[in-house]
Protein chains: 2
Amino acid sequence: MALQEAILVALTHGTASGYDLAKTFDVSVANYWSATAQQLYRELDRMAASGLVSAEMVEQERRPNKRIYSLTPAGRAALRESTTRTPKPTAIRDELLVQVEAIDHGDTDSVRAFIHERLASSRAKLARYERRREGMLDGGSEAHFLQTARRIGPYLTLARGIAFERENISWFEMVLAATAEKSIDADQT
Amino acid sequence: MALQEAILVALTHGTASGYDLAKTFDVSVANYWSATAQQLYRELDRMAASGLVSAEMVEQERRPNKRIYSLTPAGRAALRESTTRTPKPTAIRDELLVQVEAIDHGDTDSVRAFIHERLASSRAKLARYERRREGMLDGGSEAHFLQTARRIGPYLTLARGIAFERENISWFEMVLAATAEKSIDADQT
DNA sequence: AGCCGCATGTAACTTGTTACATGATTTC
DNA sequence: GAAATCATGTAACAAGTTACATGCGGCT
């Protein structure tokens, strides 16, 4: 169900095609939910059938035709109603964590290599998020933004994403330090 | 696939029944992977069929019979091999985060109530994790533990869990503060 | 010549969730 | 007497993943 809600919120920012949403879900929405393009196309179909979104075909000249979706009043109502339903508890689910748990029975060097990869990708994500944050704050303070902005939801979830990536980075560094002696290759952080 | 590996690591700590694993997956393993009892029973069946674990029927007098699973050499090999396969990238997936993103279009008071609930459960989890950490360290320092323990994987994943819950707590507090004026009820943290 | 971006989709498959069933024993 | 714990399972379903297909335009 949460995929539906994530799509509904995304559409509050304006109309979008399935393709647009797929890109959005890769950057900003990935902060709190993720989905593949195929899931989105399937879900948008269903939602159009149940009247939560309306689809308008837009023919383009030098590009394939688009199906532009927008929120209907029913969609807005569903979104509002969805915030009153108890959200499922969440936990971390990460294959890399499973590997780290198994590190004493596995191949330390390859796990360390995967951590190096994640470290790079977390740093890149963090940089992107922080640029977005700066853009939102627009020179002002966080307190000022939170008091005056007409929408604070996207800022709050972005803050969660930033904290998450910071934590990832420092945990990765800790794991690399803790496994350094057990590794053959020198530690190039 | 990761469920399989999570089961394999869990069994490195000793033999267990499906029921035992279900409890384990609710407490410690939930740090990095989660699964329902049904998933475990299904997966254990498959793993027994493919020879990664062996099942031994244990008849009990005042209790239902157990099926006790243990790792086979093939299981150990599969676990080791699994640490060389690239883990999938992960992201946060949380219905509550979707609600917060939608908070400006939803029911602020009920979202705030859900945050209060999560806050309580994160605090409880954190306390449990920290007790487990103290137990592992056994009075010594972290550095000492990491240098001398024969297994550091479980400590490292526990550290990730602790950091995650700490982050949750401070983010929840931030969201409550940021939405306080918009709420009807006073803020009882 | 070949790859990337645009834009949508079908189909098959694997995972994860929910509901239900059984039946004895121990604890409140 | 009711609820929780022990212990396993079936069945149906929902959600998520992977592979593949199409076809044009622009870039290198």
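FYI, side chains are in, hydrogens and waters are out, and symmetry mates aren't considered; it's all heavy atoms of this structure. Everything numeric here is computed off the predicted structure, so don't read it as measured data.
A donor atom on one side chain and an acceptor atom on the other are not found under 3.5 Å apart for Arg93(B) and Thr90(A). A donor-acceptor pair shorter than 3.5 Å cannot be found between the side chains of Gln99(A) and Thr83(B).
Residues from residues 20-36 of chain B that place a heavy atom under 4.0 Å from any atom of DNA chain C, listed by number: Trp33(B), Thr36(B).
Under 4.0 angstrom from either OP1 or OP2 of dT17(C) there lies at least one side-chain N or O belonging to Gln39(B). OP1 or OP2 of dG16(C) lies within a sub-4.0 Å distance of a side-chain N or O belonging to Arg93(A). Phosphate proximity of dT8(C) to Tyr41(A): present, with a side-chain N or O under 4.0 Å from OP1 or OP2.
The aromatic rings of Phe164(B) and Phe164(A) sit perpendicular, their planes meeting at an angle over 60°, well past the 30° parallel limit.
With hydrogens and angles ignored, a donor-acceptor pair under 3.5 angstrom links the side chain of Arg42(B) to the base of dG16(C). For a distance-only test at 3.5 Å, the side chain of Gln38(A) fails to qualify as a donor-acceptor partner of the base of dG16(D).
A salt bridge between Glu142(A) and Arg133(A) is present, with a side-chain N of the basic residue lying under 4.0 Å from a carboxylate O of the acidic one. At a threshold of 4.0 Å, the pair Arg118(A)-Glu95(A) does not count as salt-bridged, since none of the basic side-chain nitrogens sits closer than that to a carboxylate oxygen.
Tyr41(A) is linked by a ring pair (Phe, Tyr, Trp, His ring centres under 6.0 Å) to nothing, counting only residues two or more places apart in sequence or in another chain.
For Tyr19(A), counting side-chain heavy atoms from C-beta on, the closest listed nucleotide (dT8(C), dT5(D), dA11(D)) is dT8(C). Distance from the side chain of Lys66(A) is smallest for dT8(C) among the nucleotides dT8(C), dA7(D), dG9(C).
Judged by closest nucleotide on DNA chain D, Asp45(B) is the one of Lys88(B) and Asp45(B) placed further toward the 5' end.
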